[in-house]
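The structure appears below as structure tokens.
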Amino acid sequence: MAEQEKKRIKLPETDEGTVLFNVPFPTDLKDLKGMAPIIIKQPYHIDYIHSYGQDSPFFAGLANGKLLGTRCGPCKYTYGTPRLHCMYCGGECDWVELPKEGAVHTFTVCQYGSEEFLKETPFVLILVEWPGVDTLFLARLMGVDPAKPSLDWVGMKVRAQFKRLSKFKPTDVYFVPA
Amino acid sequence: MRPVYLVSGGVSKFAKARPDVTFQPMVKEAYDYALKDLGLEFRKAAELVDGTVASYFSDHFMRQLKAGSMVQDYLGLTPKPSKRIEAGGATGGVAFQSGWEAVASGRYDICVVYGWETMSHVNTWKGNEFIALASDVSFDYPVGGFYSGYYAMMVVRHMQEFGTSVEQMALVSVKNHNNAFHNPYAQKRMKIRIEDVRASEMVAWPLTMLDICVMSDGAAVTILASEDGLNKLEKATGHRPKPAKVAGVGGGIDAMRMADRPHGEVILLPHEKAEDYRGLKYPGVHSFRAGRMASKTAYQMAGITNPLEELDFIELHDAYTSSEIQTYEDMGLCRYGEGGKFVEAGKPFMPNLEYGYRFPEQGKIPVNPSGGLIACGHPVGATGLMQAVFALWQLQGSIGKHFGSNQLQVKNARRGAIHSHAGTGTYVVVSILEKGF
Ligand SMILES: [Zn+2]
């Protein structure tokens with residue numbers, strides 16, 4: 001077996017500790033400096049009340065099978081990921097529906113991820129581009145083999161699909177090969 | 001603005017975890033080292049220091065707010081003034097420049113900038129989650145927030161646009177790990193080859209474990225002074241410090257959401273021409289516009305017109321092998337698109353070290369002689385300050401003294417750059433340091 005593979009063999013580490021109510025204590029206080037550190041678990045859980053604010057229509061769009069971007073009123077710059085105010089002229093943007101079909105601008109396959117998404121690995125992330133739309137859109141790509149990533153995926157035509165039961169998250173839309 | 005000097009520094013050995021201490025004594029290790037190297041006694045320092053900057057990134061990692069004050073009292077620097085800087089991965093670099101501002105403006109004669117991060121308090125994947133919260137939590141994070149994935153998408157576009165290869169990226173890892181073999185402060189000291197990088201576990205295609213820096217616990221401290229400050233230190237210690245002069249500072253910002261980055265025209269450096277980039281849509285997601293902006297402004301201030309010829313070494317933010325290649329280009333060491341070839345030619349390697357490969361132009365400008373983030377580790381708030389300390393030691397010619405070996409000393413180093421970078425290039429700073437004695 002190759003060294004690299006041998007190193008991968010290990011019992012999974014978990015964060016579960018052991019309940020411990022006391023530790024040994026030396027009679028001579030000088031010995032305390034040689035003591036191993038006491039490491040405890042401090043749980044921390046928060047529910048945020050997160051408002052999508054001015055971006056809310058985007059998520060309402062997803063729930064209704066529409067992918068929305070914005071277009072600047074004064075300068076017509078078109079955002080593939082919506083923003084209410086234009087980065088270039090400061091003008092206010094209007095909502096526009098983006099085409100269902102776009103192309104892969106770039107991608108990756110995540111074999112690992114943040115803890116929240118670890119159970120979903122491997123997953124494919126893409127930035128989607130559309131002709132005439134000035135900026136991109138981050139999404140998941142389904143329907144490709146994550147074991148066989150290739151630069152050929154760049155430029156692939158992809159089509160938006162929507163979750164039937166909306167979670168009001170940007171993943172309510174995902175893409176598949178068109 | 002007054003001239004500002006970097007007079008001393010210290011670094012704790014970066015480690016995967018430091019359960020033996022809380023963050024305060026870890027910072028004190030670096031602070032005590034900086035004082036000792038200067039020959040300045042603890043109580044005298046407390047008297048002379050006018051104020052401090054505290055550099056740490058994440059309150060999430062610590063679950064301890066106002067941690068800066070807790071370090072300040074541990075270092076005996078209460079009741080002197082302080083402020084905290086947070087700028088994602090670039091926190092250390094921005095804090096360093098904040099210290100520079102405090103001295104340049106005349107507010108402080110002597111300023112201590114201390115930084116640290118303790119990333120071991122959560123597991124690696126929870127840590128990645130915290131870091132990913134430094135992306136838009138409405139549009140980006142929920143899709144699969146993961147910084148390695150973001151950088152992977154950026155380099156895929158670089159590969160597509162310019163033909164950059166995974167072997168070229170792996171060479172950065174070979175260089176930085178092999179350099180760090182001679183750096184006792186580094187977390188990972190190993191001699192590796194291209195095959196090892198490619199055979200290590202895939203994290204986010206095409207980036208493997210050895211293309212990516214690791215999380216660390218660590219601290220670093222720098223002491224900055226004006227000319228009056230130098231005089232005070234000379235009086236207190238009985239000898240003139242051997243400082244580096246901060247010759248230039250620059251910074252830049254780009255849109256947090258990668259998707260929002262424009263596809264426009266290259267911001268040119270003095271040695272470049274618009275014709276060099278006909279047809280290139282910039283920065284897109286293949287390049288860091290903030291890195292170019294930071295370089296341009298820092299070079300301008302330092303009077304640098306051709307960085308490849310006018311810098312002797314660079315310590316840059318190689319959180320990923322790919323971002324080191326992209327940064328060669330942002331910093332104008334080669335043209336946009338030529339970063340892969342730049343490393344392949346051996347230019348950013350140390351001239352004197354054996355890497356197991358033959359390069360036509362080895363050692364043109366050593367980049368990350370210390371081993372960079374990839375091998376030294378990346379305790380975020382300490383990282384940019386670590387670079388400043390290593391750069392100071394290069395300019396003093398004192399690498400041998402501090403590393404216990406001269407292998408990583410850049411010969412006759414007179415001018416170097418440090419580069420700190422955050423969040424897919426949202427926040428980048430460059431500082432130019434010159435031999436100041
Ligand atoms: Zn506009």
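In this text, all values refer to a predicted model and were calculated from it rather than measured experimentally. Labels below follow one simple rule: chain letters A, B, ... track the order of the sequence lines, proteins then strands, and each chain is numbered from 1.
- More than 12 non-hydrogen atoms from other residues, nucleotides or ligands lie less than 6.0 angstrom from CD of B:Gln64.
- Put simply, of B:Pro262, B:Gly284, B:Ala132, the one with the most heavy-atom pairs under 4.5 Å next to chain A is B:Pro262.
- Looking only at side-chain heavy atoms (C-beta outward), A:Met87 and B:Asp260 come within less than 4.5 Å of each other.
- Counting heavy-atom pairs under 4.5 Å between each of A:Gln42, A:Lys41, A:Met35 and chain B puts A:Gln42 at the top.
- Residue B:Phe181 places its CZ atom among 12 or fewer non-hydrogen atoms of other residues, nucleotides or ligands, all under 6.0 Å distant.
- No side-chain heavy atom of A:Cys110 sits under 4.5 Å from any side-chain heavy atom of B:Tyr150.
- Heavy-atom neighbours of A:Phe162 CZ from other residues, nucleotides or ligands within 6.0 Å: above the threshold of 12.
- Most heavy-atom pairs under 4.5 Å with chain B: of the set A:Thr135, A:Thr108, A:Val154, this distinction falls to A:Thr108.
- Between chain A and the options B:Arg257, B:Met258, B:Arg261, B:His286, the largest number of non-hydrogen pairs under 4.5 Å is found for B:Arg257.
- Defined by atom type and a distance below 3.5 Å, a donor-acceptor pair is missing between the side-chain atoms of A:Glu115 and B:Asn128.
- Remark: A:Leu11 CG is loosely packed, at most 12 non-hydrogen atoms of other residues, nucleotides or ligands lying under 6.0 Å away.
- Remark: A:Ser114 OG to B:Ile131 CD1 distance equals 8.5 Å, nearest 0.5 Å.
- The CG atom of B:Leu207 sits 12.0 Å away from atom CD of A:Gln111, with the distance rounded to the nearest 0.5 Å.
- Chosen from A:Gly53, A:Pro82, A:Ala36, the residue pairing most often with chain B at heavy-atom distances under 4.5 Å is A:Pro82.
- The shortest side-chain heavy-atom distance between B:Trp125 and A:Tyr112 falls under the 4.5 Å cut-off.
- The closest side-chain heavy-atom distance from B:Arg157 to A:Phe107 is not below 4.5 Å.
- A 6.0 Å sphere centred on CZ of B:Arg198 holds more than 12 heavy atoms belonging to other residues, nucleotides or ligands.
- Atom CG of A:Leu138 is separated from atom CG of B:Asp136 by 10.0 Å, given to the nearest 0.5 angstrom.
- By a heavy-atom distance cut of under 4.5 Å, A:Pro170, A:Thr171 are the residues of residues 165-178 of chain A near chain B, going up by number.
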Going by atom type alone, with no hydrogens or angles, which donor-acceptor pairs under 3.5 Å involve a side-chain atom of residues 120-128 of chain A and a protein atom two or more places apart or on another chain?
unit_1: A:Glu120; atom_1: OE1; unit_2: A:Arg140; atom_2: NH1; d: 3.2
unit_1: A:Glu120; atom_1: OE1; unit_2: A:Arg140; atom_2: NH2; d: 2.5
unit_1: A:Thr121; atom_1: OG1; unit_2: A:Leu118; atom_2: O; d: 2.7

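- Counting non-hydrogen atoms of neighbouring residues, nucleotides and ligands closer than 6.0 angstrom, the NZ atom of B:Lys341 reaches no more than 12 such neighbours.
- Applying the 6.0 Å contact sphere to CE of B:Met293 captures no more than 12 heavy atoms from other residues, nucleotides or ligands.
- In plain terms, the two heavy atoms of B:Gln160 and A:Leu151 that are nearest each other are OE1-O, 3.8 Å.
- Heavy atoms of other residues, nucleotides or ligands lying less than 6.0 angstrom from CE of A:Met142 number 12 at most.
- Both the backbone and the side chain of B:Tyr141 come within less than 4.5 Å of a heavy atom in chain A.
- Annotation: maximal heavy-atom pairing with chain A below 4.5 Å, among B:Gly144, B:Ala204, B:Pro206, occurs at B:Gly144.
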- Task: Would you please test A:His105 and B:Val285 for side-chain contact (heavy atoms from CB on, under 4.5 Å) and show each step?
- Result: CA-CA 9 Å; A:His105 182 77; B:Val285 297; 4.1 Å; yes
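- Checked against a 6.0 Å centroid threshold, the rings of A:Phe137 and B:Phe139 do not count as neighbours.
- With 3.5 Å as the limit, one finds a donor-acceptor pair spanning the side chains of A:His50 and B:Ser138.
- Taking A:Asp55, A:Ile39, A:Thr81, A:Asp134 one by one and counting their heavy-atom pairs under 4.5 Å with chain B, the maximum is reached by A:Thr81.
- Counting heavy-atom pairs under 4.5 Å between each of B:Asp20, B:Thr124, B:Asn123 and chain A puts B:Asn123 at the top.
- Of the listed residues (A:Tyr77, A:Tyr52, A:Tyr79, A:Trp153), the greatest number of heavy-atom pairs within a distance under 4.5 Å of chain B belongs to A:Tyr52.
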